[in-house]
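In this text the structure is predicted, and so the values were computed from the model without any measurement. Worth knowing before you read on, the calculation uses all heavy atoms, side chains too, and leaves out hydrogens, waters and symmetry mates.
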Amino acid sequence: MRKNIVIISVILLSLYSCSSNKVETERIVLQSQILNDELLTVMPGDLLLVDDCLVWSDPFARDYFLHVHSASTGKELGRMGKVGEGPKEFISPMINRYCVNHQIFAVDVNGKTVGYLSIDSLINGQEPFGKVTDRENEMKMEKMDHELYIKSTDNGSETYFRTIIDGQESFWGVYPIPEMKEHIGGYTSYDPVEGLFVFSSFNFPYLALYKRENSTFTLQWEYKSDKENYIITDDRIIFNRTIKGVRDVCMSRDYIITLERDREKDPIDETTVRRNISKCPRTVFLYDYAGHLLKIVDVGMPVMRIAADRSSNVLYIIGGNPDYVLAKCEL
């Protein structure tokens with residue numbers, strides 16, 4: 001009898017320990033401050049925070065596809081990345097989301113132009129376009145930091161990413177759907193100070209944190225939704241298109257921030273959204289660096305892009321009010 005009482009006590013203690021370690025998610029509503037309400041674009045591309053500058057891309061621009069703004073005032077400081085078919089021009093530009101030395105890597109997916117666009121040169125009234133080195137052109141990898149280059153491996157590889165760090169090649173990373181060694185669309189963010197790398201998927205709710213250790217990265221944790229919105233059939237992943245995952249990701253001082261829809265409050269069919277900004281999610285999810293979802297924050301307007309850095313908890317957004325605006329929110 002006494003033995004049974006001891007066993008029951010241990011079970012109850014374990015249940016209490018599990019429940020006490022569970023982090024409750026808080027829902028809050030904040031009001032964003034509009035910085036600039038003159039973003040003239042059909043649809044904005046990426047949003048980057050580079051020290052005291054905000055840079056957003058316009059994939060449908062007819063003149064220049066990169067706009068540089070002051071992060072404090074929202075004032076446009078200049079534009080760069082000329083659209084065209086001539087030298088130093090881009091027909092269909094695509095940029096790197098990692099900015100090294102205030103230089104943004106850009107490539108023409110339907111042309112031959114490859115190079116860096118310098119924020120400092122633009123502000124100083126100089127030619128912002130600069131060539132890549134022969135070595136970088138041969139590598140065909142994204143420059144994530146000084147002497148750190150990254151790209152995805154081929155489908156079927158044992159690991160998800162390939163990097164070259166200080167000249168050393170390494171392979172690392174797990175597949176979000178482990179039973180299928182297939183790369184899926186996603187967004188990433190990198191903190192060069194602590195060497196933290198975040199990978200997310202926009203096909204289904206998924207988040208993973210890696211940490212740089214010498215010449216490679218190691219997985220710290222993965223976060224997946226309790227409900228799977230995909231099936232595997234005929235060796236293919238079929239996603240439920242009515243549900244989306246992470247639409248953008250960044251890191252602030254205290255949070256890993258994802259742009260996600262709070263489906264408990266806003267269970268919209270994602271196939272109806274398309275380019276209608278009023279149907280974009282109004283919420284960002286705040287995770288701590290241990291992988292706990294702490295807060296779901298309604299920022300007061302539909303959001304398309306987010307950006308932050310590790311110096312503060314200020315979140316910068318491209319949202320709709322009702323047209324595209326630059327705004328910020330203190331989390």
- Item | Test side chain to side chain donor-acceptor pair (under 3.5 Å) applied to R162 - qualifying residues, sequence neighbours left out | E169
Heavy-atom closest pair, residues [X] and [Y]:
X    : Y    : result
I306 : D248 : N-OD2, 3.2 Å
V246 : Y187 : O-CD1, 3.8 Å
M301 : A327 : CE-CB, 4.3 Å
L259 : R305 : CD2-N, 4.2 Å
S189 : C250 : OG-CA, 3.7 Å

Roughly how far, to the nearest 0.5 Å, is [atom2] of [Y] from [atom1] of [X]?
X    : Y    : atom1 : atom2 : result
R212 : T218 : CZ    : OG1   : 12.0 Å
K295 : I257 : NZ    : CD1   : 11.0 Å
L293 : D288 : CG    : CG    : 9.0 Å
Y324 : T41  : OH    : OG1   : 6.5 Å

Ignoring hydrogens and angles, write down the donor-acceptor pairs under 3.5 Å from the side chains of residues 307-322, residues two or more places apart or on other chains.
unit_1	atom_1	unit_2	atom_2	d
D309	OD1	S311	N	3.1
D309	OD1	S311	OG	2.6
R310	NE	S252	O	2.8
R310	NE	Y289	OH	3.2
R310	NH1	D191	OD2	2.8
R310	NH2	E194	OE2	3.4
R310	NH2	R253	O	3.4
S312	OG	V314	N	3.2
N313	OD1	S252	OG	2.9
N313	OD1	R253	N	3.4
N313	OD1	D254	N	3.0
N313	ND2	D254	OD2	2.7

- Query: Do you reckon L47 sits in the same ILVMFWY cluster as I256, going by side-chain contacts under 4.5 Å, direct or chained?
  - Reply: no
Should [X] and [Y] count as side-chain neighbours, where that means a heavy-atom distance under 4.5 Å?
X    : Y    : value
M304 : M43  : yes
Y98  : I150 : yes
V303 : C280 : no
W56  : L48  : no
F197 : T188 : yes
Q33  : L35  : yes
T25  : I296 : yes
D298 : L30  : no

- Query: D63 and R79: side chain to side chain contact (heavy atoms under 4.5 Å, CB included), yes or no, with the steps?
  - Reply: CA-CA 9 Å; D63 45 12; R79 295 178 294 164; 2.9 Å; yes
- Message: Once side chain to side chain donor-acceptor pair (under 3.5 Å) is applied, what residue pairs with a partner in residues 82-96 remain, sequence neighbours excluded?
- Response: S92-N110
- Query: Any donor and acceptor pair, going by atom type alone, linking the side chain of N124 with main-chain N or O of Q126 inside 3.5 Å?
  - Reply: no
Taking the six-membered ring for Trp, is the centroid-to-centroid distance between [X] and [Y] below 6.0 Å?
X    : Y    : answer
Y206 : Y223 : no
Y160 : W172 : no
F199 : Y210 : no

- Note on the structure: Residues pairing under salt bridge (Lys or Arg N to Asp or Glu O under 4.0 Å) where one sits in residues 311-331, two or more places apart or in two chains, turn out to be none
Taking only Lys NZ, Arg NE, NH1 and NH2, and the carboxylate oxygens of Asp or Glu, determine whether [X] and [Y] approach each other closer than 4.0 Å.
X    : Y    : answer
R135 : E147 : yes
D262 : R27  : yes
D269 : K279 : no

- List in chain and number order the residues that pass side chain to side chain contact (heavy atoms under 4.5 Å, CB included) with V132, two or more places apart in sequence or in another chain; answer none if no residue qualifies. F105, V114, Y116, E136, N137
- Task: Kindly indicate, with the supporting measurements, whether the criterion side chain to side chain donor-acceptor pair (under 3.5 Å) is fulfilled by T163 and S170.
- Result: CA-CA 5 Å; T163 50; S170 63; 2.7 Å; yes
- Message: Taking CZ in F239 as the centre, count heavy atoms belonging to other residues, nucleotides or ligands within less than 6.0 Å. Is the count above 12?
- Response: yes
Anything under 3.5 Å between a donor and an acceptor, one on a side chain of residues 174-182, the other on a protein residue two or more places apart or in another chain? List them.
unit_1	atom_1	unit_2	atom_2	d
Y175	OH	S157	N	3.4
Y175	OH	S157	O	2.7
Y175	OH	T159	O	3.4
K181	NZ	E158	OE1	3.0
K181	NZ	E158	OE2	2.7

- With E270, the salt bridge (charged side-chain N to carboxylate O under 4.0 Å, His left out) member among R261, R241, K244: R261
